[in-house]
Structures are given as C-alpha cells and as structure tokens.
Amino acid sequence: MACALLLCIAGLRINELPRLLNYLGLFIGTVGIFTIYPAEILTEIFGLGQILWFSWLGVVMLMSYQSTQTSANSYSTRNIVTNSYLPIKSGVVFCVGSA
C-alpha cells in the first residue's frame with residue numbers, strides 16, 4: 001500500500017505514467033491504509049484494486065519497453081566497442097564506455 005502511494009506520487013511528479021493510473025494508485029493506496037479498520041468492503045476494494053492497478057502498470061511498462069526498443073533503431077548510434085550510446089525513454093542519450 002505504501003509502495004503504490006510512493007510510486008504514484010513520484011509518477012505524478014515526473015509525468016512518466018498515465019495520470020489516471022497514478023490517481024487510481026493513490027486511491028488504492030489510501031484504501032489500503034484504511035484496511036486497518038476491520039471492514040470487509042475496504043479489504044475487497046483494496047485487493048481487487050491492487051490487481052487492477054498492477055495489471056495496468058505492467059501493461060504500461062511493457063508498452064514503454066517495446067517503444068524504447070523500436071525507437072532505439074531510429075537513433076544514430078555509434079557501433080564502436082569502447083563508446084556506445086544507449087537511448088532511454090525521455091529522449092536523453094547516455095554514453096557508456098571510456099572516453
């Protein structure tokens with residue numbers, strides 16, 4: 001529950017995940033905290049909500065990974081063994097290797 005809250009707060013700040021997913025995670029995390037109170041409905045909402053939230057998060061992450069893999073071919077990369085460029089999702093290119 002705290003994990004969902006922290007991840008969604010970070011997701012809202014960096015705008016990497018869909019806003020609706022972040023808001024759903026905030027709601028589910030808050031309901032998870034309220035499961036301390038022994039009400040069965042809160043436990044059911046939290047359990048089903050976590051399943052939905054984790055499934056949606058997995059789909060978003062897989063789609064992001066696939067788009068990163070396809071966009072890696074569009075960058076002009078250097079094929080030198082000592083210096084190679086690794087693209088990441090935000091469009092920034094890191095240089096890995098010795099200069």
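Counting begins at 1 with the first residue of the sequence.
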Q: At what distance, to the nearest 0.5 angstrom, does CG of Asn22 lie from CG of Leu17?
A: 5.0 Å
Q: Linking I/L/V/M/F/W/Y whenever any side-chain heavy atoms sit under 4.5 Å apart, do Phe54 and Phe46 land together?
A: yes
Q: I want to check something: taking the side chain as every heavy atom from C-beta on, are Ile28 and Leu52 in contact at a cut-off of under 4.5 Å?
A: no
Q: Do the side chains of Val31 and Ile41 join up, straight or via other hydrophobic residues, at under 4.5 Å, putting them in one cluster?
A: yes
Q: Residues sharing Met63's hydrophobic cluster, by side-chain heavy-atom contacts under 4.5 Å among ILVMFWY, directly or via others?
A: Val59
Q: Once side chain to side chain contact (heavy atoms under 4.5 Å, CB included) is applied, do any residues pair with Ile9, and if so which ones, sequence neighbours excluded?
A: Arg13, Leu26
Q: How long is the span from the CD atom in Gln50 to the CG atom in Leu24, to the nearest 0.5 Å?
A: 9.0 Å
Q: Tell me the closest heavy-atom pair linking Cys8 and Gly25, and the distance in Å.
A: SG-CA, 3.3 Å
Q: Got a sec, which residues hit side chain to side chain contact (heavy atoms under 4.5 Å, CB included) with Leu7, two or more places apart in sequence or on another chain?
A: Trp53, Leu57
Q: Answer yes or no: is there a donor N or O on one side and an acceptor on the other, between the side chain of Ser64 and the main chain of Val60, under 3.5 Å?
A: no
Q: Is Ile51 reachable from Ile45 through a run of hydrophobic residues whose side-chain heavy atoms are each under 4.5 Å from the next?
A: no
Q: Any chance you could measure Leu21, atom CG, to Arg19, atom CZ, to the nearest 0.5 Å?
A: 12.0 Å
Q: Roughly how far, to the nearest 0.5 Å, is the CG atom of Leu42 from the CD1 atom of Ile36?
A: 11.0 Å
